[in-house]
*Asks:* 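Below you will find the structure I want to go over with you.
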Amino acid sequence: MKKALSIILSIIMVLNVFSAISVFAQEGDRPWKESESIKIIDHTVYELIDKDHWVVRDFFDTKEIIKSSERTKIVIEDTIDGKPVSEIHNKQWLPSSDTDDYNEFEYEKNEYVNEIVLPSTLKEICHHAFSGFEALEGINIPDSVEKIGQQPFWGCISIKEISIPVLNGKAFGMNSCTSLEKVTFKGEPTSIGSFVACKSLKSFTVPSTVTTLGSFRNSGLKEIEIPNNIELKNECFYGCKNLKKVVFTGNKSIEKYTVSKYAFAFCKRLETVKLPNAKKYVIGANSFENTAIKTFPSKNIIKIGNCAFANCKKLKEFTIPSTIKNSAGALGKAIFKDSPNLKRLIIESTAEKPYYDNYFLRYQGLNKNCTVFVKNKRMKKIVKEQGATGKVVLIPQVKAPKKLAAKGIKKGATLSWNKVKGATGYVIYRYDTDKKKYVKVKTVKGKSSATVKKLSANKKYKFTVRAYKVKAGTRFYSKYSKAKTVKVK
């Protein structure tokens, strides 16, 4: 009798277990059970908080939406039992979690929902609220929302276009949204989140109000304009293989600008970089490694980090300016490592310490076809001691032209100046009032006069000239002459 009773009890226990498993499966393999504070409506879990508002905690069994009714849409309730639904959280994230770090989060995929209707009562969308909704094609964020986490749509690979609301100056990012093509903003952001691995994002407009910019690492950008008051994060554009042009906009001069570590590393098609207008520049380690840079504006650089231009196979010429001073670490190691086509290295700096500190040339990877130009005999000796294998040539001193004269003619002007001894030729510049700078208009060789044509009648123009000398295939320029203004007939 006892044995029979034991068997019956065992059978009952097994049946209870199967019943529990069945109920659990029906509830979408999630530990949610309906109660006064938990409601499950249309595959959405709501939790009552402080007895006055509801929070969306989870979405589950969304695959059943397809199976049961061929719907791919979830409508989040505005109110439940007369109380508003005001927040959407992710079950794997606390509301306080708010990071833009690309390696921070591994989300669950949801491949079945392509439309979500948000409630008009919504006030907060937390970090990663909809991460991994791979079929979601778009989202309309209601004006009622007051707070949004940094990456609410991480990994939503079907979203092609989005208008991002700006709240308290912040605009969230869209990491791993591989179909994203267009981004606009509702408002004027001062901070923009990251758009890492957005492969379809070819262009991006950074508003002039922005001071903090997230990462675009491994994105599909082809070109970008950046306000000059933004200092880029490390690896900001790392691996943007299609990026060809970067321009920093704004005329306001800043004291110092730092190009961060690996900022443009492995942007293999990057040819042009126009840096902000600054009094001093720091070029960070590996910042332009493995790019297609051919020349680089080196004026006012005070520091160059390790491997800054390593593996730049199209780099043909580089100038180490006189602004490099006698300070430790001013020049890093292996700056030009594996850049075999560097033919001319012009060293205008006469600071000795940076070269002796790290055996500068010995570890730069310079080939024997690279000619090194230096300012004086002392630097020539140092360069040879530090391992230069190619030619070492003194930079020629070229004096500025003197006594520039100008005469107006019909729709033109004739210019003349005193000949500079040893000069190969001269370059004439005209001041452009629109661009507010001098622009090159003509180059002459072997003579100290020139005629500039196609000018407007009865208009005044300002000109200047500088001489140049060619040595070892490189032009070296004098300073500008004193400017001369002339009225055209």
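For clarity, every value in this text was computed on a predicted model and none was experimentally measured. The figures here come from the full heavy-atom set of this structure, side chains too, leaving out hydrogens, waters and symmetry mates.
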*Asks:* Nearest 0.5 Å, what's the CD1-OG distance between Ile226 and Ser208?
*Replies:*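 With rounding to 0.5 Å, CD1 (Ile226) is 13.5 Å from OG (Ser208).
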*Asks:* So that I know where these two stand, are Phe133 and Phe153 an aromatic pair - ring centroids less than 6.0 Å apart?
*Replies:*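 No; Phe153 has its ring centre 6.0 Å or more from that of Phe133.
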*Asks:* So, applying side-chain contact (heavy atoms from CB on, under 4.5 Å) with Gln151, which one of Ser131, Ser194, Ser176 is it?
*Replies:*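 It is Ser194, the one option of Ser131, Ser194, Ser176 that forms the side-chain contact (heavy atoms from CB on, under 4.5 Å) with Gln151.
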*Asks:* The criterion is side chain to side chain donor-acceptor pair (under 3.5 Å); which residues satisfy it with Thr464, sequence neighbours excluded?
*Replies:*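 Result, side chain to side chain donor-acceptor pair (under 3.5 Å) vs Thr464: Ser481.
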*Asks:* Check for me whether the distance between the ring centres of Phe195 and Phe216 falls short of 6.0 Å.
*Replies:*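 They qualify: ring centres under 6.0 Å apart.
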*Asks:* Drop me the distance from Lys447's NZ to Trp417's CH2, to the nearest 0.5 angstrom.
*Replies:*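 The distance works out to 8.5 Å.
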*Asks:* Is the number of heavy atoms from other residues, nucleotides or ligands within 6.0 Å of NZ (Lys222) greater than 12?
*Replies:*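 No, the 6.0 Å shell around NZ holds no more than 12 heavy atoms from other groups.
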*Asks:* Looking only at side chains, do Thr474 and Arg344 share a donor and an acceptor under 3.5 Å apart?
*Replies:*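 Note: Thr474 and Arg344 side chains meet the donor-acceptor criterion.
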*Asks:* Answer whether the closest heavy-atom distance between the side chains of Lys147 and Ile125 falls below 4.5 Å.
*Replies:*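 A side-chain contact is absent here, since even the closest heavy-atom pair is not under 4.5 Å.
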*Asks:* Do Tyr238 and Phe266 have ring centroids that are under 6.0 Å from one another?
*Replies:*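 Yes, close enough.
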*Asks:* Between NZ of Lys325 and OG of Ser349, what distance do you get to the nearest 0.5 Å?
*Replies:*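 These two atoms lie 7.0 Å from each other.
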*Asks:* Check whether any side-chain heavy atom of Phe318 sits under 4.5 Å from a side-chain heavy atom of Ile335, and report yes or no.
*Replies:*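 Sidechains of Ile335 and Phe318: no contact.
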*Asks:* Is it the case that over 12 heavy atoms from other parts of the model lie below 6.0 angstrom from the NZ atom of Lys313?
*Replies:*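 Atom NZ in Lys313 is packed in, count exceeds 12.
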*Asks:* Using modelled atom types only, decide if a donor and an acceptor are shared between the side chain of Ser478 and the backbone of Tyr468 within a distance under 3.5 Å.
*Replies:*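 A pair under 3.5 Å: no.
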*Asks:* Using the side-chain contact (heavy atoms from CB on, under 4.5 Å) rule, take Thr371 and Leu345 through it: C-alpha gap first, then chi angles, then the decisive distance, then the call.
*Replies:* CA-CA 6 Å; Thr371 300; Leu345 179 63; over 6 Å; no
*Asks:* Looking at CD of Glu289 and CG of Asp338, how far apart are the two atoms once the value is rounded to the nearest 0.5 Å?
*Replies:*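 One gets 9.0 Å once the value is rounded to the nearest 0.5 Å.
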*Asks:* Taking everything shown except Lys453 itself, do over 12 heavy atoms lie less than 6.0 Å from its NZ?
*Replies:*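 No, NZ of Lys453 has 12 or fewer neighbouring heavy atoms, counting only those of other groups under 6.0 Å.
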*Asks:* Quick check: are there more than 12 heavy atoms from other residues, nucleotides or ligands sitting under 6.0 Å from NZ of Lys471?
*Replies:*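 Yes, enclosed.
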*Asks:* Could you check whether any side-chain N or O of Tyr257 sits under 3.5 Å from a backbone N or O of Ile254, counting only pairs where one atom can act as donor and the other as acceptor?
*Replies:*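 The answer is no, because no donor-acceptor pair under 3.5 Å joins these two groups.
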*Asks:* Shortest non-hydrogen contact from Ala292 to Lys268?
*Replies:*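 Heavy atoms of Ala292 and Lys268 come nearest at CB-O, 3.5 Å.
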*Asks:* Could you work out, with side chain to side chain contact (heavy atoms under 4.5 Å, CB included) as the rule, every residue matching Ser144, not counting sequence neighbours?
*Replies:*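 Expected list: Leu122, Pro142.
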*Asks:* Does any part of the side chain of Ile347, heavy atoms only, come nearer than 4.5 Å to the side chain of Val383, both counted from C-beta?
*Replies:*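 Result yes, sub-4.5 Å side-chain heavy-atom pair found.
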*Asks:* For Lys279, check side chain to side chain contact (heavy atoms under 4.5 Å, CB included) against everything at least two apart and list the hits.
*Replies:*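 With neighbours one apart ignored, the set is Ser253, Glu255.
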*Asks:* Is it the case that the ring center of Tyr431 lies less than 6.0 angstrom away from the ring center of Phe463?
*Replies:*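 No, they do not, as the ring centres are separated by 6.0 Å or more.
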*Asks:* Is there a donor-acceptor pair under 3.5 Å between the side chain of Thr443 and the backbone N or O of Val427?
*Replies:*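 Looks like no, no N/O pair under 3.5 Å.
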*Asks:* Which atom pair, heavy atoms only, marks the closest approach of Val488 to Gly412?
*Replies:*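 Closest approach of Val488 to Gly412: CG1-N, 3.3 Å.
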*Asks:* Any side-chain heavy atom of Ile139 sitting closer than 4.5 Å to one from Leu118?
*Replies:*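 Heavy-atom side-chain distance check passes, below 4.5 Å.
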*Asks:* Using only atom types and a distance under 3.5 Å, with no angle test, would you say the side chain of Asn376 pairs donor to acceptor with the backbone of Met379?
*Replies:*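 It does hold such a pair.
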*Asks:* I would like to know whether Lys123 and Glu146 meet salt bridge (Lys or Arg N to Asp or Glu O under 4.0 Å); could you show each step before the answer?
*Replies:* CA-CA 5 Å; Lys123 292 187 179 299; Glu146 299 172 352; 3.6 Å; yes
*Asks:* Keeping Asn228 on the side-chain end and Gly250 on the backbone end, is there a donor-acceptor pair under 3.5 Å?
*Replies:*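 Pair found, side chain donor or acceptor close to backbone of Gly250.
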*Asks:* Step by step, work out the side-chain contact (heavy atoms from CB on, under 4.5 Å) result for Ile283 and Phe288.
*Replies:* CA-CA 9 Å; Ile283 309 301; Phe288 293 95; 4.1 Å; yes
*Asks:* Minimum heavy-atom separation for Glu231 to Lys256, with atom names?
*Replies:*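 Result for this residue pair: OE2-O, 3.8 Å.
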*Asks:* Taking the ring centre of each residue, are Tyr429 and Tyr480 less than 6.0 Å apart?
*Replies:*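 Yes, the ring centres sit under 6.0 Å apart.
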*Asks:* Going by heavy atoms in the side chains, are Ile224 and Val206 under 4.5 Å from each other?
*Replies:*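 The answer is yes, as the side chains (C-beta and beyond) meet within the 4.5 Å cut-off.
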*Asks:* With side chains defined as the heavy atoms from C-beta onward, is the minimum distance between Lys469 and Val398 less than 4.5 Å?
*Replies:*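 Yes, their side chains come closer than 4.5 Å.
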*Asks:* Does Lys482 reach the main-chain N or O of Pro401 with its side chain, forming a donor-acceptor pair under 3.5 Å?
*Replies:*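 No, Lys482 side chain to Pro401 backbone: no donor-acceptor pair under 3.5 Å.
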*Asks:* Applying side-chain contact (heavy atoms from CB on, under 4.5 Å), run through Asn277 and Lys252 and close with a yes or a no.
*Replies:* CA-CA 7 Å; Asn277 183 17; Lys252 186 178 179 182; over 6 Å; no
*Asks:* More than 12 heavy atoms of other residues, nucleotides or ligands under 6.0 Å from NZ of Lys407: yes or no?
*Replies:*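 Open.
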*Asks:* Please examine the side chains of Asn234 and Tyr262, heavy atoms only from C-beta on, and report whether any two atoms are closer than 4.5 Å.
*Replies:*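 Answer no - side chains too far apart.
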*Asks:* Kindly assign one of parallel, tilted or perpendicular to the pair Phe264 and Phe237, based on the angle between their ring planes and the thresholds 30° and 60°.
*Replies:*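 Rings of Phe264 and Phe237: parallel, as their planes differ by under 30°.
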*Asks:* Is there a donor-acceptor contact under 3.5 Å linking the side chains of Arg475 and Tyr477?
*Replies:*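 Judged by distance alone, the side chains do pair up.
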*Asks:* Between OG of Ser203 and CG of Leu243, what distance do you get to the nearest 0.5 Å?
*Replies:*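 Between atom OG of Ser203 and atom CG of Leu243 there are 11.5 Å.
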*Asks:* Hey, mind stepping through Val282 and Val259 against side-chain contact (heavy atoms from CB on, under 4.5 Å) and telling me if it holds?
*Replies:* CA-CA 6 Å; Val282 174; Val259 181; over 6 Å; no
*Asks:* Which atom pair, heavy atoms only, marks the closest approach of Ala310 to Ser339?
*Replies:*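 The answer is C-OG, 3.9 Å.
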*Asks:* Are the side chain of Asn175 and the backbone N or O of Val196 linked by a donor-acceptor pair below 3.5 Å?
*Replies:*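 Yes, because the side chain of Asn175 sits within donor-acceptor range (under 3.5 Å) of the backbone of Val196.
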*Asks:* Output yes when a side-chain donor or acceptor of Ser86 lies under 3.5 Å from a complementary backbone atom of Thr121, and no otherwise.
*Replies:*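 Absent.
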*Asks:* Looking at Tyr461, does the NZ or CZ of Arg430 lie under 6.0 angstrom from its six-membered ring centre and within 45 degrees of the ring axis?
*Replies:*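 No - Arg430 does not lie over the ring of Tyr461 by the 6.0 Å and 45° rule.
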*Asks:* Could you tell me which non-hydrogen atom of Lys375 sits nearest to which non-hydrogen atom of Thr350, and how far apart they are?
*Replies:*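 So the two residues come closest at CB-CG2, 3.8 Å.
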*Asks:* On a heavy-atom basis, which atom in Leu394 and which in Lys377 lie closest, and how many Å separate them?
*Replies:*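 So the two residues come closest at CD2-N, 3.8 Å.
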*Asks:* Under a 3.5 Å distance rule, please check whether Ser287 uses its side chain to pair with a backbone N or O of Ala263 as donor and acceptor.
*Replies:*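 Such a contact is absent between Ser287 side chain and Ala263 backbone.
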*Asks:* With rounding to the nearest 0.5 angstrom, report the CD to SG distance, Gln150 to Cys126.
*Replies:*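 Interatomic distance, Gln150 CD to Cys126 SG, rounded to 0.5 Å: 12.5 Å.
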*Asks:* With a 3.5 Å distance limit and no angle check, can you tell me whether Lys170 reaches the backbone of Ile192 through a side-chain donor-acceptor pair?
*Replies:*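 No.
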*Asks:* Is any side-chain heavy atom of Tyr438 closer than 4.5 Å to one of Lys462?
*Replies:*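 SC-SC contact between Lys462 and Tyr438 confirmed.
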